[in-house]
Structures are given as C-alpha cells and as structure tokens.
Amino acid sequence: MLRTRIAQVLNESQPGEIVNVRGWVRTRRDSKQDFSFLEVNDGSCFKGLQVVVDSSATGYDTIKDATTGASVSITGEVKDSPGKGQRVELQASEFCVLGTAPADSYPLQKKGHSFEFLREIAHLRPRTNTFGAITRVRNTAATAIHEFFQSRGFYYIQTPVITTSDCEGAGQMFTVTTLNLERIAEIQTQINYAQDFFGKHASLTVSGQLEAEIFACSVGDCYTFGPTFRAENSNTTRHLAEFWMVEPEMPFYELTDNMELAEAFIRHVIGAVLERCGDDMEFFNQRIDKTVLDTLRNITENDFIRLPYTEAVDLLLQSGQKFEYAVEWGCDLQSEHERWLTEQHFKQPVILHDYPRTIKPFYMRCNDDGKTVRAMDVLVPRVGDIIGGSQREERLDVLEARMTECGLNPQDYWWYCDLRRYGTVPHSGFGLGFERLIQLVTGMQNIRDCIPFHRVPKSAEF
RNA sequence: UCCCCUGUAGCUCAAUCGGUAGAGCGAGCGGCUGUUAACCGCUAGGUUCUUGGUUCGAGUCCAAGCGGGGGAGCCA
C-alpha cells in the first residue's frame with residue numbers, strides 16, 4: 001500500500017478512507033482500556049497525526065516498542081476525531097514498529113531541549129518541532145527565491161566553488177590543496193603552489209559575484225545561489241564559516257533599480273513563507289519570537305526606508321544617543337548604529353546607500369563627488385546587514401585606478417577588466433545571506449540553528 | 001582575535017562561610033484516564049569537563065587546558 005504523507009491525511013483525507021502512514025513517534029499515551037494514542041510525525045507538516053491503536057490491530061502486542069523516536073508504519077481508517085486538537089485521527093488496523101528507539105538512550109525526550117544541546121545532536125534535531133519547521137521554511141524560501149528570479153527571466157548560473165582569484169575583497173579564504181602538508185612540514189620546505197593541483201594557490205569561493213558579472217554582461221539578468229566560505233575566526237550569532245548566498249547580477253541596472261529589485265525580492269520571499277508555512281510560522285511566533293509575524297508583515301506591507309549614508313550619519317549624530325563607537329562621516333557604521341536605525345528610529349528595514357568609497361571594495365561605482373560609491377546595504381531589525389550590493393564600476397580607467405588604490409594588481413583580474421574593455425555596460429547586483437534571511441523569517445536567535453549542519457570555528461561535526 | 005559568563009544525573013538547574021550531592025522534567029515499575037506538554041505514587045540514576053595546586057577537607061578557592069554561551073570586531 002502506498003504511503004500517504006501526514007500533511008495530506010490531516011488536510012484532505014475524509015473519514016472512511018484507508019491509508020498507510022509512516023513516520024516517527026513523538027509521544028505515546030497509553031490507556032488501560034487496551035488502547036494507546038500515538039502521535040506520529042513524518043516531517044510533511046508541523047502537526048503530527050494522532051493514531052489510535054487498540055487490541056484489534058495486528059501488531060498491538062508490540063505497542064510498548066513505540067517509544068519516542070521509534071519509526072512506525074500504520075495502516076488504518078481515517079475517522080473524525082472525538083478529541084480536541086485535530087480534525088481527524090487514524091484508527092489503526094495494522095501496526096508495525098520499523099525501528100525501535102530505546103528510551104534509556106534516545107537523546108530526544110518528550111520535553112523541550114536547549115538549542116545548545118540540540119547542536120550537539122544535529123543528526124537528530126530535525127526530528128524536533130523547531131528544526132522540522134526551520135527545514136520547511138528554508139525549503140519554501142529557497143523555492144521562492146528561484147520563483148522570483150525565474151518569473152523575471154533571470155538565469156540561474158552555477159559559479160565555481162573553487163577559485164584562484166586570490167583576493168576577492170572579502171575576508172579570509174580557505175585554501176584548497178592536494179599537497180601533502182604533513183610531508184612538507186616534516187622536511188620543512190617551502191610550499192610551492194606551482195606543484196599543487198591547479199598549478200597555483202586555490203581557495204574556496206567567498207563570492208560568486210565576479211563570475212556572475214561575466215554572465216550578466218553576456219546573457220543578461222542572472223543569479224547565483226550556492227555555498228560560500230569565509231575562514232574568518234568570527235564567533236557570533238550571525239556568522240558561519242560555510243553559508244549560502246544569493247547573488248543576482250543585472251546589466252543596465254543602476255543603483256536605484258538594484259534597490260527596487262532587492263526590496264521586491266525580500267518581500268516576495270517573505271510573502272511566500274507567510275502564505276505557505278502557516279503552522280510553522282505560528283509556532284515561531286508563539287515559541288521563538290513573539291514579534292516575528294508583526295515584523296514580517298511590516299516588511300511586506302511597508303516600503304523600505306531609503307537613506308543616503310551621509311544622512312544616516314547626520315541622524316545618528318543628532319539622535320542624542322550615546323554610542324560606544326562615535327559616529328563620524330567616513331567611518332563604517334557599527335552594529336549599534338545600524339540597530340538604532342532599524343530598531344529604534346525607523347522600526348523597519350532601511351536601505352543605506354552611497355557610502356564613502358574608502359570603506360567599500362574596488363568594484364563599486366564611483367560617484368562624481370569623488371567621495372562616495374554607489375553602494376547599498378539593506379539593514380533589517382535584529383539581524384542587521386542582510387543584503388550588500390552596489391552598482392558596479394563599468395569604466396575601465398576608473399576601475400583600474402580603484403584596484404591600484406586598494407592595493408590590487410589589475411592584471412590579476414584581467415578577465416574582469418576585459419568586461420569593461422569590450423562592450424562595457426552599467427550593471428548592478430547584490431548578495432543576500434540566505435541563513436540571515438532564515439534568521440529574520442523564523443525569529444531564531446542563532447544562525448547556527450538556521451542551517452542543517454553548521455560550520456563555525458572549532459566545529460564541523462556531522 | 002578581544003571582553004564577559006559558564007561547565008554538577010539523560011535534559012534544565014540548585015547546593016549558604018570550603019564540611020563528603022539535591023529538585024523538576026525525562027526513564028523504569030505500578031495506578032488512573034478518549035488521551036493530546038496528561039495526571040498520581042514508587043524506584044533507579046553522579047569520576048561535579050580535564051590536569052595540576054592550596055587545604056585536615058574542594059562541586060565550591062587558584063592556575064592552565066578543553067568545551068559551551070553572550071557581546072565586539074570582520075562581514076552576508
């Protein structure tokens with residue numbers, strides 16, 4: 001008999017239907033009247049299915065093995081539920097324990113666990129309410145991202161994970177090598193990357209942007225969505241060593257177009273999650289962050305604030321607020337400044353733009369004032385910087401001058417410069433940290449709980 | 001990388017001034033019950049992160065190490 005997913009049973013099945021469901025036991029409540037209630041979850045939705053198993057069901061003699069975490073298969077009739085809390089329940093006719101989960105050793109209990117503890121058992125945590133919900137929200141968000149771009153005619157480009165661009169302007173990189181490091185250490189010789197697999201030093205990518213620009217400047221609007229790696233020794237609730245980034249890149253877009261796209265993009269993804277993950281979002285709002293639904297509705301219903309960096313600095317200076325770090329034009333804004341803008345002052349997402357060029361990378365387009373570049377950051381309450389982007393410098397001479405200014409050799413980026421040498425066009429793009437988006441959407445405090453298997457300094461189990 | 005906090009039962013925590021370890025939940029057993037974070041009773045469960053030091057005596061004080069958390073920086 002074909003397995004029916006529990007989501008379908010709960011939402012669509014009518015009394016009288018015979019179905020087979022399979023999943024994992026969340027709880028069992030025994031009655032001495034020779035029957036038991038099982039709550040079975042198969043991950044297809046937040047709610048579990050209540051199954052009634054009595055002595056008429058084959059396999060009832062093994063009901064004691066159906067402890068929390070055991071896997072079961074149940075065939076039975078869908079019935080109207082006389083109890084509270086569910087529309088229908090399943091009256092078992094055939095009951096089978098597929099795999100036991102001895103109660104004295106199975107780590108997950110019928111009670112809530114701390115997220116710190118669950119991180120130590122990341123192979124079992126998707127069986128919990130919270131991580132099941134995160135998994136479904138993540139899936140819906142990822143799907144909505146592709147929908148958003150596909151419906152606008154963007155191409156999904158798979159950019160390389162391994163790169164030999166030594167300095168892409170962002171953070172420390174992980175080296176990729178097949179050299180025998182132990183041997184090299186033993187004989188205490190220098191590392192010669194010419195002998196390495198790629199014939200030069202290679203790393204894991206910190207961004208697909210430069211490659212995405214190649215396709216934007218040839219086939220048009222495109223985006224990447226893939227893993228990204230930063231070897232920074234940062235230990236915060238907002239950083240991962242391996243995370244997923246979405247990077248659209250559009251020819252003929254100026255900064256304003258870029259901001260409009262970023263705003264529509266976030267709004268679409270959040271709208272999709274609100275629409276399709278109702279039970280999961282209800283759970284996050286009740287148990288994780290009581291303001292998360294209000295925050296998200298506020299984002300979908302109101303325009304983002306757009307504010308030039310210079311005006312933001314003025315606002316901060318006039319705020320009367322005491323900051324640990326003083327605000328001054330030319331300085332990068334600190335977390336406390338961003339939080340004041342999004343959480344205290346505007347209470348909604350803010351797009352800051354036109355930053356001083358001295359604090360931004362070489363590829364951002366210089367403004368005529370000679371002081372600022374066409375950069376934009378989308379800041380959201382609680383999570384902070386969720387998108388960073390810019391209009392790209394399309395003028396070869398200006399780009400080369402900026403590279404030199406930033407201590408880079410234009411020749412190392414010869415192919416990037418070629419895009420400006422041949423048929424250059426104004427273009428723009430941005431990068432969104434996918435796990436930060438999940439943080440925003442779920443209200444989860446720690447980004448390590450927003451990715452199936454987190455990689456952070458000193459931790460890459462599972 | 002820096003600052004602060006923290007490590008005790010399966011989990012979450014308590015243990016006064018340094019005096020030989022306790023609760024709730026979970027688990028096992030029994031009772032009760034169309035139950036649903038069920039309820040009631042009983043029972044079991046500990047190398048107090050590691051190493052060293054101070055002391056008659058260390059969960060408690062000191063040092064180092066390892067792990068966890070929060071904040072900062074860097075960033076997405």
Salt-bridge present ([X], [Y]; N to O < 4.0 Å):
X	Y	answer
A:R125	A:D449	yes
A:E435	A:R138	yes
A:E405	A:R402	yes

**Q.** Residue pairs fulfilling side chain to side chain donor-acceptor pair (under 3.5 Å) with at least one residue in residues 35-47 of chain A, sequence neighbours excluded
**A.**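 Passing the test, one end in residues 35-47 of chain A: A:D30-A:S36, A:D42-A:S44, A:K47-A:D279.
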**Q.** Verify stack between A:F243 ring and B:rA76 base, 5.5 Å, 30 degrees
**A.** yes
When rounded to the nearest Å, what value does the distance between [atom1] atoms of [N] and [M] take?
N	M	atom1	answer
B:rA23	B:rA44	P	11 Å
B:rA15	B:rG7	P	10 Å
B:rG24	B:rA58	P	29 Å
B:rU8	B:rU1	P	25 Å
B:rC13	B:rG69	C1'	16 Å
B:rG19	B:rG59	C1'	12 Å
B:rG68	B:rG22	P	31 Å
B:rA38	B:rC2	P	46 Å

Check every strand shown and say whether [X] touches a base, only sugar-phosphate, or nothing at a heavy-atom separation below 4.0 Å.
X	result
A:D385	sugar-phosphate
A:K84	base
A:Y106	nothing
A:E242	nothing
A:T237	sugar-phosphate
A:N446	sugar-phosphate
A:P107	nothing

I want to check something: taking the side chain as every heavy atom from C-beta on, are [X] and [Y] in contact at a cut-off of under 4.5 Å?
X	Y	result
A:D289	A:R382	yes
A:Q209	A:Y363	yes
A:D280	A:F283	no

Under-4.0 Å side-chain N/O to phosphate OP1/OP2 contact, [X] with [N]:
X	N	result
A:R28	B:rU35	no
A:Q334	B:rG73	yes
A:R339	B:rA72	yes
A:S335	B:rG73	yes

[X] [atom1] to [N] [atom2], straight-line distance once rounded to whole Å:
X	N	atom1	atom2	value
A:Q445	B:rG70	CD	P	8 Å
A:R238	B:rC74	CZ	P	11 Å
A:E324	B:rG73	CD	P	8 Å
A:E435	B:rC75	CD	C1'	14 Å
A:K79	B:rU36	NZ	P	20 Å
A:K110	B:rA27	NZ	P	5 Å
A:N235	B:rA72	CG	P	13 Å
A:F35	B:rU36	CZ	P	12 Å

Q. Any chance the side chains of A:T100 and A:D65 put a donor and an acceptor closer than 3.5 Å?
A. no
Q: Classify the side-chain pair A:R230/A:T228 by whether it contains a donor and acceptor separated by less than 3.5 Å.
A: no
Can you tell me whether the side chain of [X] and the base of [N] have a donor-acceptor pair closer than 3.5 Å?
X	N	value
A:E232	B:rU1	no
A:R29	B:rC39	no
A:E116	B:rG68	no
A:H113	B:rC11	no

Q. So which one's nearest nucleotide on RNA chain B is more toward 5', A:D30 or A:T67?
A. A:T67
Q) Mapping A:K458 and A:P82 onto RNA chain B by nearest heavy atom, which one lands closer to the 5' end? A) A:P82
Which nucleotide sits closest to the side chain of [X]: [options]?
X	options	answer
A:H239	B:rC75, B:rG34, B:rA72	B:rC75
A:F117	B:rA38, B:rU12, B:rG34	B:rU12
A:Q86	B:rG34, B:rU36, B:rA38	B:rU36
A:S234	B:rC75, B:rA27, B:rG73	B:rG73
A:S31	B:rA27, B:rU35, B:rU33	B:rU33
A:R230	B:rA76, B:rA72, B:rU35	B:rA76
A:R448	B:rG70, B:rG34, B:rA76	B:rG70
A:S114	B:rA38, B:rG34, B:rU12	B:rU12
A:L240	B:rU36, B:rA72, B:rA76	B:rA76

Q: Establish, yes or no, whether the cationic atom of A:R119 lies under 6.0 Å from the six-membered ring centre of A:F115 and within 45° of the ring axis.
A: no
Q. Which pairs, with at least one residue in residues 443-462 of chain A and sequence neighbours excluded, count as a ring-ring contact (aromatic ring centres under 6.0 Å, His included)?
A.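 Those involving residues 443-462 of chain A are A:H123-A:F462.
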Q) Name the stems with RNA chain B in them: runs of three or more consecutive Watson-Crick or G-U pairs, distances under 3.5 Å? A)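 Expected stems, ordered by start: B:1-7 with B:66-72, B:10-13 with B:22-25, B:27-31 with B:39-43, B:49-53 with B:61-65.
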